[in-house]
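Since the structure comes first, as structure tokens, the remarks are kept for the end.
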Amino acid sequence: MSTPPRDERDYFERIYTVTTQVPPGQVATYGDIAVIVGDGCDARVVGHALGALGARADSVPWQRVINRTGGISTSGYGQREALEAEGVTFDERDHVRMASHHWTGPSETWARAHGFQPLPPREVKTPDAQLKLF
DNA sequence: CGCATGACGCCTA
DNA sequence: GTAGGCGCCATGC
């Protein structure tokens with residue numbers, strides 16, 4: 001297939017759909033959502049889409065989407081409060097404990113069924129891995 | 001059609 | 001580890 005035209009630039013709808021898949025007690029980064037949506041989607045676009053939720057904020061768990069540093073990018077929406085209510089824990093720096101709550105992405109079956117892409121495995125930081133350049 | 005903005009991310013100092 | 005700058009894409013005017 002050359003240049004997947006897709007149906008339309010339903011980036012917003014796709015972003016909302018993927019975000020809804022994030023289970024309670026877990027969080028995903030804007031970049032993660034962008035990768036899952038694929039098709040040129042970018043973390044910036046994800047933030048834009050979530051910001052445009054409006055009344056649909058009640059149907060989409062936007063609170064489970066945070067920045068790559070594990071911090072809350074929003075302000076005045078009680079995002080941290082909502083996450084804590086789900087069991088998400090924060091450290092002293094107001095950062096989510098990603099090691100314990102970072103979403104591993106949708107199941108391969110679900111992703112393919114909806115035309116999305118599963119989240120690639122994250123590199124596990126190990127002391128030995130640093131020495132293994134190739 | 002071009003400029004400015006934004007709930008981001010990566011690199012460098 | 002913290003601070004600043006550039007790049008990314010889509011949307012709105």
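Naming convention: chains lettered A, B, ... in sequence-line order (proteins, then strands); numbering from 1 in each chain.
Whole-Å rounding puts the Asp42(A) CG to dT5(B) P distance at 19 Å. Following rounding to the nearest Å, Glu92(A) (CD) and dG1(C) (P) show an atom-to-atom distance of 14 Å. In this structure, Ile33(A) atom CD1 and dA7(B) atom C1' are separated by 13 Å, rounded to whole Å. Atom-to-atom, CD1 of Ile66(A) to C1' of dA7(B) comes out at 12 Å; the value is rounded to the nearest Å. The distance between atom NE2 of His95(A) and atom P of dG1(C), rounded to the nearest whole Å, is 11 Å. Taking atom CZ on Arg14(A) and atom P on dA10(C), their separation rounds to 12 Å, with Å as the unit. Computed from coordinates, the Asp91(A) CG to dG1(C) P distance equals 12 Å when rounded to whole Å. As rounded to whole Å, 12 Å separates atom C1' of dT11(C) from atom CD1 of Ile15(A).
Taking for each of Arg68(A) and Thr74(A) the nucleotide of DNA chain B with the nearest heavy atom, the 5'-most of the two is the partner of Thr74(A). In this structure, Cys41(A) and Arg93(A) both approach DNA chain C, and ranking their closest nucleotides by distance from the 5' end singles out Arg93(A).
Counting only residues at least two apart or on different chains, the side chain to side chain donor-acceptor pair (under 3.5 Å) pairs with a member in residues 20-29 of chain A are Thr29(A)-Asp32(A).
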Between Gln63(A) and Glu81(A), is the side-chain hydrogen bond (donor to acceptor under 3.5 Å, both in side chains) condition met? List the steps. CA-CA 9 Å; Gln63(A) 52 194 38; Glu81(A) 241 179 39; over 6 Å; no
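The side chain of Ser73(A) lies closest to dA7(B), out of dC8(C), dA7(B), dT2(C).
For dA7(B), the base has a donor-acceptor partner in the side chain of Tyr30(A) [N/O atoms by modelled type, under 3.5 angstrom].
Interface residues of residues 45-63 of chain A facing DNA chain B, ordered by number: Gly47(A), His48(A), Leu50(A), Gly51(A), Trp62(A); criterion, heavy-atom separation under 4.0 Å.
Taking the six-membered ring where the residue is Trp, His114(A) and Phe116(A) present parallel rings, their angle staying beneath 30° rather than reaching 60°.
Environment of CD in Glu108(A): sparse, with no more than 12 heavy atoms of neighbouring residues, nucleotides or ligands closer than 6.0 Å. In the displayed structure, Asp58(A) atom CG is contacted under 6.0 Å by at most 12 heavy atoms of other residues, nucleotides or ligands.
A cation-pi arrangement is absent between Arg56(A) and Tyr16(A) under the rule of less than 6.0 angstrom and at most 45 degrees off the ring axis.
The existence of a salt bridge linking Asp94(A) and Arg80(A) is confirmed by a sub-4.0 Å separation between a basic side-chain nitrogen and an acidic carboxylate oxygen.
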